[in-house]
Amino acid sequence: MLDIKQIRANPVAVQEKLSLRGGDYDLQPLLRLDQRQRDLETRRSQLQSRSNTIGKAVGQKIKSGSDPQGPEIAALRTEGNDLKTQLAELDPEEKALKLEIQNILLTLPNLPSDTTPQGKTETENVEIHRWGDAHKRGPEGILPHWEMGEKLGIFNFERSAKVAQSRFVTLLGAGAALERALISFMLDQQIAAGYIEALPPILVNSDSLTATGQLPKFAEESFKCADDDLWLTPTAEVPLVNLYRDEILESDALPIYHCAYTPCFRREAGSYGRDTRGLIRLHQFNKVELIKIVNPETSEAEHETLRQNAEAILQALELPYRVIELCTGDLGFGAAKCYDLEVWLPSAETYREISSCSNCYDFQARRANIRYREAGTKGTQFAHTLNGSGLAVGRTMAAILENYQAANGAVKIPTVLQPYLRREVL
RNA sequence: GGAGAGGUGGCAGAGUGGUCGAAUGCGCUCGACUUGAAAUCGAGUGUACCGAAAGGUACCGUGGGUUCGAAUCCCACCCUCUCCGCCA
């Protein structure tokens, strides 16, 4: 959520930054509501103050012997009732305004960072660097991963559609073991990098989704339980960040690092026909997620190390990838700055997103009300939150099935995974 | 799912209509005493909003209601705990 005070103070600057994302943002209606709300608040608090004085006066007079039924107290009661009537008129309007303002604020995306490259669409994203070109292979003799997987019998889509629907997979035998090995390897590596492992709830309530920014705008992207205020989490970022919702942390408790394996669930509404085959776009997929809650002064540096922690997995697996920085037009709703890691998929001869590392600055923290207190100072400040995949497991498996295909049709197991899988080829 | 108990400040725990943002204790911060520490003593110690400031307002699980006045009374909801049942 954006800071209404900032919008009030610099409406033009905020509007310009928002428009870098593309789309129209007119902040004037919001500012008018805000002004009206504050006027009402001033009025209301004056009336309230008088009402409090009367309330106290009545009590005092009765205590010091006035007749509770006498004219003096009757007059105060009348004035009190009068104020109550006036307040009853102001109050609903002010509450409605507050709600309206809040609802508008909740729909506004984060401001892009000053360092985020400007651009309208993903074509203007900026490549930062590439890694592993030496291992990069072309499509010659490469089966797409879904064909390879079916040939090896390590997953099955057709039967999964029977169990659930399309865009679900069942991993079988070595496929299930490989997925499990990848999860263990990723977690072990991130734990070694300083992240505290968490195994959080994967059903989350509406407040949690609102705090991290999936609600109210992206409700159609998540699966919702019919009878409870619970949703299947679209990413572990939601439960992990919300662990600290409505908390005031001591500054020495920061930074907080968590990693977590969870399944993730996405409805993929509006992506019909895209990536219909294989492990790339499923309603349910596994991911190891990284989150950080940090002091604002360190968040830029923390973002860089977060990205390196994600990159380290790809390097250890010797999968060729590139890092791109999203331009302002391609930035996610809550992100101020974002790097995507894209792994090489030889069958398609493209790089595909396998990790997204975002710095949300204080955007989520304001929604989630996650603050910290600097020792010895008065007041509190919003922390910064960061998140990144480390990594998307299904897409990692896809990348391995393609990049590690040998000429004889076997798939070699990356060296670092061999201790986990206790085998060298699939 | 059934029965019961309960939700108050960092924690514990008073408070059942009036001056209560809230006693007391612990914790924490600063100070005094001490060679240092402990103990002791003194002062301070919630959050947010409005306001240039003085100051004002709100918050005792959440939302309504009664009243001149609600932590306290009424209604609804949420959550936690205990026991029973069921269950991985």
Side-chain angles (χ1 to χ4, degrees), chain A residues 1-9 30-106 199 201-211 225 227-231 239 242-254 256 263 362 365-383:
Chain A
M1 195 159 61
L2 299 182
D3 184 359
I4 184 72
K5 287 185 203 158
Q6 189 192 1
I7 298 176
R8 216 182 273 151
L30 176 64
L31 288 167
R32 278 194 293 273
L33 293 173
D34 175 56
Q35 185 59 53
R36 173 86 182 132
Q37 190 272 126
R38 281 189 300 155
D39 291 346
L40 281 179
E41 178 168 331
T42 306
R43 259 312 286 301
R44 199 214 61 224
S45 120
Q46 284 165 352
L47 293 174
Q48 201 77 256
S49 175
R50 177 61 191 149
S51 171
N52 288 346
T53 309
I54 290 170
K56 282 177 188 169
V58 171
Q60 253 156 6
K61 285 189 189 300
I62 291 176
K63 210 162 219 179
S64 59
S66 287
D67 176 7
Q69 311 303 326
E72 201 181 16
I73 286 178
L76 287 171
R77 282 201 177 141
T78 308
E79 192 185 350
N81 272 323
D82 209 55
L83 286 166
K84 202 154 55 161
T85 313
Q86 294 183 53
L87 282 167
E89 283 170 24
L90 295 185
D91 213 42
E93 189 185 348
E94 198 203 337
K95 276 189 179 149
L97 279 169
K98 272 192 168 155
L99 194 67
E100 203 178 339
I101 290 164
Q102 183 74 1
N103 285 342
I104 292 173
L105 285 174
L106 285 174
L199 196 52
I202 54 178
L203 294 190
V204 296
N205 58 34
S206 296
D207 284 348
S208 294
L209 284 167
T210 304
C225 298
D227 295 328
D228 300 280
D229 178 32
L230 290 170
W231 307 65
N242 276 283
L243 247 19
Y244 299 93
R245 195 173 73 225
D246 292 320
E247 290 199 26
I248 300 173
L249 304 158
E250 294 304 327
S251 61
D252 60 13
L254 302 178
I256 291 169
D362 62 2
R366 185 170 287 105
R367 287 171 161 250
N369 198 24
I370 300 174
R371 293 167 291 172
Y372 71 97
R373 191 182 352 244
E374 206 66 66
T377 65
K378 252 192 119 47
T380 60
Q381 292 185 67
F382 289 111

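Everything numeric here is computed off the predicted structure, so don't read it as measured data. In what follows, chains are A, B, ... by sequence order, proteins preceding strands, each numbered from 1.
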Report summary line: For B/rG27, the nucleotide meeting Watson-Crick or G-U wobble distances (both under 3.5 Å) is B/rU45
Query raised in the report: Hey, is the side chain of A/K56 poking within less than 4.0 Å of OP1 or OP2 on B/rC20, counting only N and O atoms?
Result: no
Query raised in the report: Under 3.5 Å, is there an N or O donor on one side and an acceptor on the other linking the side chain of A/K84 and the base of B/rU67?
Result: no
**Report entry** Atom pair distance, as rounded to whole Å: CZ in A/R77 and P in B/rU67
**Finding:** 11 Å
Query raised in the report: If the P atom of B/rA71 is compared with that of B/rU57, how far apart are they to the nearest Å?
Result: 14 Å
Query raised in the report: Do any side-chain nitrogens or oxygens of A/R50 fall under 4.0 Å of OP1 or OP2 in B/rU57?
Result: no
**Report entry** Distance test, side-chain N/O of A/S51 to OP1/OP2 of B/rC68, below 4.0 Å
**Finding:** no
Query raised in the report: Do any side-chain nitrogens or oxygens of A/R8 fall under 4.0 Å of OP1 or OP2 in B/rC50?
Result: yes
**Report entry** Span that lies between the C1' atom of B/rU45 and that of B/rU24, in whole angstrom
**Finding:** 16 Å
Query - Whole-Å gap separating C1' (B/rA48) and CD (A/Q381) - result: 15 Å
**Report entry** Rounded P spacing from B/rA58 to B/rA70 in Å
**Finding:** 9 Å
Query raised in the report: Looking at A/N52, does any N or O in its side chain come under 4.0 Å of the phosphate oxygens OP1/OP2 on B/rU57?
Result: yes
Query - Pairwise C1' distance, B/rG27 and B/rC20 [rounded to whole Å] - result: 23 Å
**Report entry** Euclidean distance, atom CZ of residue A/R373 to atom C1' of B/rG46 [Å, nearest integer]
**Finding:** 8 Å
Query raised in the report: Rounded to the Å, how far apart are A/L40 CG and B/rG51 P?
Result: 13 Å
Query raised in the report: Atom CD1 of A/I54 and atom C1' of B/rU67: how far apart are they, to the nearest Å?
Result: 13 Å
**Report entry** Atom pair distance, as rounded to whole Å: CG in A/L90 and C1' in B/rC50
**Finding:** 15 Å
Query raised in the report: Counting only side-chain N and O atoms of A/S49, is one of them less than 4.0 Å from OP1 or OP2 of B/rU57?
Result: yes
Query raised in the report: To the nearest angstrom, how far is A/K63 atom NZ from B/rG18 atom C1'?
Result: 7 Å
